[in-house]
Every structure is written in C-alpha cells, then in structure tokens.
Amino acid sequence: MEYVSTRGSAPALDFEGVTLAGLASDGGLYVPREWPRFTEAEIAAFAGLPYAELATQVMLPFVGRSLDEDKLRHLCTEAYGRFAHVAVTPLVQLDERNWLLELFHGPTLAFKDVALQLLGRLFEEFLSRRDERLTIVGATSGDTGSAAIDAVAGRENIDIFMLHPKGRVSDVQRRQMTTVKAPNVYNIAIEGSFDDAQAMVKRMFNDPAMTGRFRIGAVNSINWARLMAQVVYYFAAALQLGAPRRPVAFAVPTGNFGDVFAGYVAARMGLPVERLIVATNVNDILHRALSAGDYSAGTVTPTAAPSMDIQVSSNFERLLFDCGGRDGAALAEQMRGFEATKAMRLTNAQQQGAAALISSARADATEMAQAMAWAWQNCAELIDPHTAIGLHAARAADLPRAVPVVTLATAHPAKFRDAVERATGHRPRLPARVGDLFDREERFAELPGDYAAVAAYVAEHATPSA
Ligand SMILES: *Cc1c(COP(=O)(O)O)cnc(C)c1O
C-alpha cells in the first residue's frame, strides 16, 4: 500500500514511512493511493469476531508490507487488552432508533485511546527496526495529551514532551498527564493559551537547530495511523446492527475531522453507511462548510465541549482531496489561499461529493444541555458534553425510520463532571481504574510562554537520535 500527499508534491511513502512522518513534507496529509474494498461477503464474515481480530482484518490492507498479519494481530491484542470492557467499544441502546457507541473504555477515558494505544506500539516497533529515536512534541487542550502520554510511557526509543496551557485544562485532564511517572514523559505547563502552546510546537517542527539533532514526531490526528485505527469501530458497530444487510448512520461530535473521516473511509471500503452526521458546537466552521460551502475561520468560543473548540479543522483537507478529484496541485493552491486569508469556498465537486454521504448539524449550549438531560431522564445514561452534541444531531436527523443511528460517545462523563452535573443534577463518578488519580503525586515543569525557553528545555532532556 502506497500513500500520497493531499498537496501532490511530497514523495509517496509506505505505511511505516507515513506513521513516522506525520505531516507530509509539502505541508499536505497522507492518504492511501486508493481505498481497499471489501465485498459484502467479506464484511458478513467479520460478524462476531473479537475486537482485536476485527481490527487486524480491517487494517491489514492498509499496512501493506510494513507489518505481517501476526505482528499486527499481536500489536492489536496488546493495545485493546488495555481496555476496561471486553467488547472494547460496546454499543448501548437509547431508544428504538438511537444507539451510543462507547469509545471511552480506554485508560484515559476518551476515544483517543483507541488510536493512540495502537500508535504507541507502532512507533516502538518501527523505531526499534531502524534503531532510531523519536522525540514527540505536542500541545494539548486536554484529551490528546493524556492519551498520548499513556500510550508511550515507558516505551523504548521515545521521549514525549507535552505542553498544556497552565490553569486551562481540567483537574482530571491535568492529573492524567502529570501523575505518569515514566522517565520518558515530560509535562510542561505553559503561560498562555492552547493556541500559544500549539504555535510553539509548530515552530519546533521547523527549527533546524532542533530537527538537526532530534527526529521530532507528532501524535495529533494528522497522523494517518490514528485515522486507520478508528475505522475499525465503525465496522464493529455496524456489524452489531445488521451490516452489511442493513445500512447504519453515524452522528460524530467533530473537531479536527479525524474521527468522522475514519467513518468516511469505512464507507469507501464498502461498509453500508447511510449517512455521516457531522456534529459541531457553536464553533461551527465545518457546519458552514458542509451546508453552504463556506470554509472560513472565526475566533474560537470556549464551550463545555473543549475538544471541539477549533476553527481550523486539519483533516478536512483529506475529504476535500478525495471528493474534489484527488488533484494535489489544485488543492495545494486552494489551501495556500486559505492559509493567507483564513477563508475559502469549496468547489462544486467538493461540496457535492461530500453531500452524497455527509450532512451536518450544530448545537448551542442549551441544546447540548438538553441532550444530556434527555439521555439521563429517558435512558438513565449519563453522557458527556461532546457526546451530547452528537446525540442532539442524531435525534434531529431526517433519515428513513428503519435506519439505526449510532452516536459516537467520545468521552466518559466523569471527564467533564461539572458540565454533566449542571445539566442532569447528577455527578458522575470516576471509574475505578483511575480511582486514586487525586492521591498520586504530580510532576511537571512550568515555563514562560517563550519559544526559546521551551526549545532549551526539550534540548536538555531529550536523547538525540543516532
Ligand atoms: C478529540 C475529541 C473530539 C473531536 O474529534 P476529532 O477527531 O478531532 O474530530 C470529540 N470529542 C472528544 C471527547 C475528543 O477528545
């Protein structure tokens, strides 16, 4: 399997290459040169497989010669063995039509564990083969940081430096990062906002003084391997609900468009997906783009669903590339325009191609709270604010009656206890597996919002690559 850049000029790479590269050298994102496709009979034969085995079968066409089937199976078995539920991503029924796909049974209580537990193991495997080291540098507004740290803590040949905006992540989120004791984990609280921290990370990727000494790696969802791992649970859910005979719709709380793009890939692979519903909060650039062709960034409004508080959605570029005729040169031009003006129009081909499968909806704070209250009062389910935005969109969707609608439950309600309590009157309890989080000792550096200070800290603590 070969991967090409959405901007057309970076070299094609194999799976191992794209996993270690993250972003393509022309600024684009890697996608498979063509989508592997399963027949209806092949999909039917997946029914009833344990999750790790289903993951092996769904991902095998993507890894090509980079991993043999037994190695992939071994990595999946280890990654998904860390989940607290034997079904890994269980389905829960809400009413005659609506279902929740619980993606939060991993170690850090959000869906990012599903992809990152595998990615950490892929990094370790590929680095040890090459006898290379990786210095992961990332910025987090909460969920990515803890999931990435858990996934690479104690792994060979990897150091991780995670920047979070000081005082602006929740106590649970901060402690999930700062109480990890492994010596290859470095947490840094930065004076400033998430955007300030993110800007420093981007600068480090382009700083020859750093890239000359360290192989700097990324764990955000521009990494293809993360999206690939998320394709699996779309298959798992649809098979439970009668695929391939019966089509299924999905409502996806969306920020960087990674999770919903994985659903798009599942459809391209032959899974009968009736519709993908992109659900946004009031930071609705994706809703405007999909409903009116207007992709223009405003300013970020903080909400109770912080992992969706974004204005520029990195993975949307992958959809525009695939729906717009896979013309890398044209897309590079379009994206340059967007980077200069923070606004662009979708082409007709992009808009129509997307609309064939994807619709969108937006929920404000009241609608989000009402969805949490509805699930609690009618189904005795506590759901988190991100999931609530998805459920609001699912219940409003205009779909044939017989089509089940699966809302992706992206975080455990205990991760956002205050917002859940405000909406339902009920305070969710932290699950036992993180029970002593508030008794563990924290360890992190505090640095000013100054690039030179952060670069010096990383240079002092990271092990140079050979
Ligand atoms: C990251 C995150 C999202 C958004 O997912 P994308 O792949 O960026 O669209 C939604 N909900 C939660 C809880 C998250 O952590």
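Every number for a ligand or one of its atoms is a count from 1 in the order of the listing.
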I need the atoms of ligand 1 closer than 4.0 Å to a non-hydrogen atom of [X], numbered in the order shown.
X: Gly255; result: 4 (C), 6 (P), 8 (O), 9 (O)
X: Gly258; result: 6 (P), 7 (O), 9 (O)
X: Thr254; result: 9 (O)
X: Ala411; result: 13 (C)

- Item | Glu442 CD: over 12 foreign heavy atoms closer than 6.0 Å | yes
- Query: More than 12 foreign heavy atoms under 6.0 Å from CZ of Arg429: is that the case here?
  - Reply: no
Identity and distance of the protein heavy atom lying nearest [atom]:
atom: atom 11 (N) of ligand 1; answer: Thr410 OG1, 2.9 Å
atom: atom 6 (P) of ligand 1; answer: Asn256 N, 3.6 Å
atom: atom 7 (O) of ligand 1; answer: Asp259 N, 2.9 Å

- Does ligand 1 have any atom sitting under 4.0 Å from a heavy atom of Phe111? yes
- Heavy-atom contact under 4.0 Å between Ser221 and ligand 1? no
- If we ignore angles and hydrogens, is there a donor and acceptor under 3.5 Å between the side chains of Asn281 and Asp309? yes
- Under 3.5 Å, is there a donor-acceptor pair between the Arg226 and Asn223 side chains? no
Test your reading of the structure: does [X] have an N or O sitting under 3.5 Å from an N or O of ligand 1?
X: Asp143; value: yes
X: Phe257; value: yes
X: Lys112; value: yes
X: Asp384; value: no

- Check for a donor-acceptor pair, side chain of Asn256 on one end and backbone N or O of Ser314 on the other, with a separation under 3.5 Å. yes
- Query: Quick one: does Ser313's side chain have a donor or acceptor within less than 3.5 Å of a partner on Phe316's backbone?
  - Reply: no
- Using 30° and 60° as the class limits, which term best fits the ring planes of Trp35 and Trp224: parallel, tilted or perpendicular? tilted
- Item | Parallel, tilted or perpendicular, as decided by the 30° and 60° cut-offs, for the rings of Tyr295 and Phe338 | tilted
- Query: So which bit of Lys415 gets within less than 4.0 Å of ligand 1, heavy atoms only: side chain, backbone, both or neither?
  - Reply: neither
- Examine Phe38 together with Phe46 and report whether their ring centres are nearer than 6.0 Å. yes
